2 protein chains.
Amino acid sequence: MNDERARLEETRDEFVTQWGIMGAQWGINRTMAQIHALLMTAPEVMSTDEVMEVLQISRGNAHTNLKDLVGWGLIRIVTKKGERKEFFEAEKDVWEIFRRVARERKRREIDPALETLRNCKAATEDMELPDGKAFHEQMMQLEDFVSFASKMGDRVATMQHGKAIKLAMKIFG
Amino acid sequence: MNDERARLEETRDEFVTQWGIMGAQWGINRTMAQIHALLMTAPEVMSTDEVMEVLQISRGNAHTNLKDLVGWGLIRIVTKKGERKEFFEAEKDVWEIFRRVARERKRREIDPALETLRNCKAATEDMELPDGKAFHEQMMQLEDFVSFASKMGDRVATMQHGKAIKLAMKIFG
DNA sequence: ATCTGATTTCAGTAATTACTGAAAGTTCAT
DNA sequence: ATGAACTTTCAGTAATTACTGAAATCAGAT
């Protein structure tokens, strides 16, 4: 019985570690991903001190990454009545997590990229040189694709869990 | 006219720089992304030396990143008859680029993550503690979602350009 | 077998990114 | 206004990741 508790903590550790590795590969700070994993599998809300304790990290590090996660909309601040401390709670619904990551990546990464592609396209609009024409054509294709991806992102971000799954099933099932 | 050439090179530089920044945000080495951008917009195949020259990087760096790009299937080696040197050429079709990135990321990142999720799920299969049950449930949901994403990746990777666009239009149009 | 023009490797170094811990700032009760 | 409990910032440092350049290796021509 106490053995089960130990086994659970071990498994949870494995999950936290792997989620951290995965995050790092996707350009997300390892610690941030670990905290996320920890909170996603936390039976209760956690305080900054608890996170520090479990992951063995400094206050500054814990603080920064917790606030970044709040910025991504992946965790939220919870206050307990009578307590002054902040506690944190993760969004656990997988579809909701996906939506929020999609929305933020679009905002932070896709939209700026689109901006550049549009500039590059515009700057070569009128060119006569074959190389200029080819470049312009390439920018156009990239822009079309990225803006399509961006629109899909918007669409997904406003879709409800059930609908999205059913729709996807219909297409890919 | 020569002014146009200069303007083109300037614009191309902007594109290379921005593609590098974007790559870095997605967890891809900046130089690798820059080389990719350079080759995507190259009117002719390029040699290692040309890449070194344009981006002002060392031979080792150019070599490593060119080979990595070959590994991702984003560029290919071309040999000119009579020449001993290797030249490189990028895949320019945007849908094809997307497919290859999707395929590689799935292989390198999604599949290993799935593996972990399955382990964690299995390790908590039989637990009686409420916390253990909750953890198991969370792993299940994650696994369902990630494996669904993985299947979609497969599906997309084998789809032809035209079909994919039409399908997507039907859904999101 | 040797030479030449190329590719590949890798030890050392540079640049970037992440983390620590202590100090400063905030908030709220008294 | 003071102080206790907590949050935020940030200069300094550690860890990680990327890059250089020279030496080793390879492949074809003679």
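As the structure is a prediction and not an experimental result, all values here were calculated from the model. All chains are named by letter (A, B, ...) in the order of the sequence lines, taking the proteins before the strands, and each is independently numbered beginning at 1. FYI, side chains are in, hydrogens and waters are out, and symmetry mates aren't considered; it's all heavy atoms of this structure.
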Does anything in residues 41-50 of chain B pair up under salt bridge (Lys or Arg N to Asp or Glu O under 4.0 Å), and if so which pairs, sequence neighbours excluded? B:D49-B:R59
Output the residues of residues 64-89 of chain A in contact with DNA chain C, where contact means a heavy atom of the residue under 4.0 Å from an atom of the strand; sort by number or write none. A:N65, A:R84
Just to be sure I understand the geometry, which residues of residues 37-51 of chain B put a non-hydrogen atom under 4.0 Å away from DNA chain D? none
Between A:I97 and A:M40, is there a side-chain heavy-atom distance shorter than 4.5 Å? yes
Where chain A begins and ends its contact with DNA chain C, read 5' to 3' at 4.0 Å from heavy atoms: C:dA18 to C:dC28
Say you draw a straight line from CZ of A:R12 to OG1 of B:T124; how long is it, rounded to the nearest 0.5 Å? 12.5 Å
With B:R105 via side chain to side chain donor-acceptor pair (under 3.5 Å) - residues at least two apart: B:E109
Which pairs of donor and acceptor atoms, one on a side chain in residues 72-84 of chain B, lie under 3.5 Å apart (sequence neighbours left out)?
unit_1	atom_1	unit_2	atom_2	d
B:R76	NE	B:E89	OE1	3.1

Charged N-O contact under 4.0 Å between A:E115 and A:R118: no
May I ask you to say whether A:K133 pairs ionically with A:E137, meaning some side-chain N is under 4.0 Å from a carboxylate O? no
Between OG1 on residue B:T31 and NE2 on residue B:H36, distance to nearest 0.5 Å: 14.5 Å
Using heavy-atom distances to pick each residue's nearest nucleotide on DNA chain D, tell me which of A:H63 and B:R59 is more 5'. A:H63
Is B:R100 salt-bridged to B:E96, cutoff N-O under 4.0 Å? yes
Pair A:D126 + B:R7: basic N to acidic O under 4.0 Å: yes
Which part of the nucleic acid, if any, lies within contact of A:N61, taking any heavy atom under 4.0 Å across all strands shown: a base, the sugar-phosphate backbone alone, or nothing? base
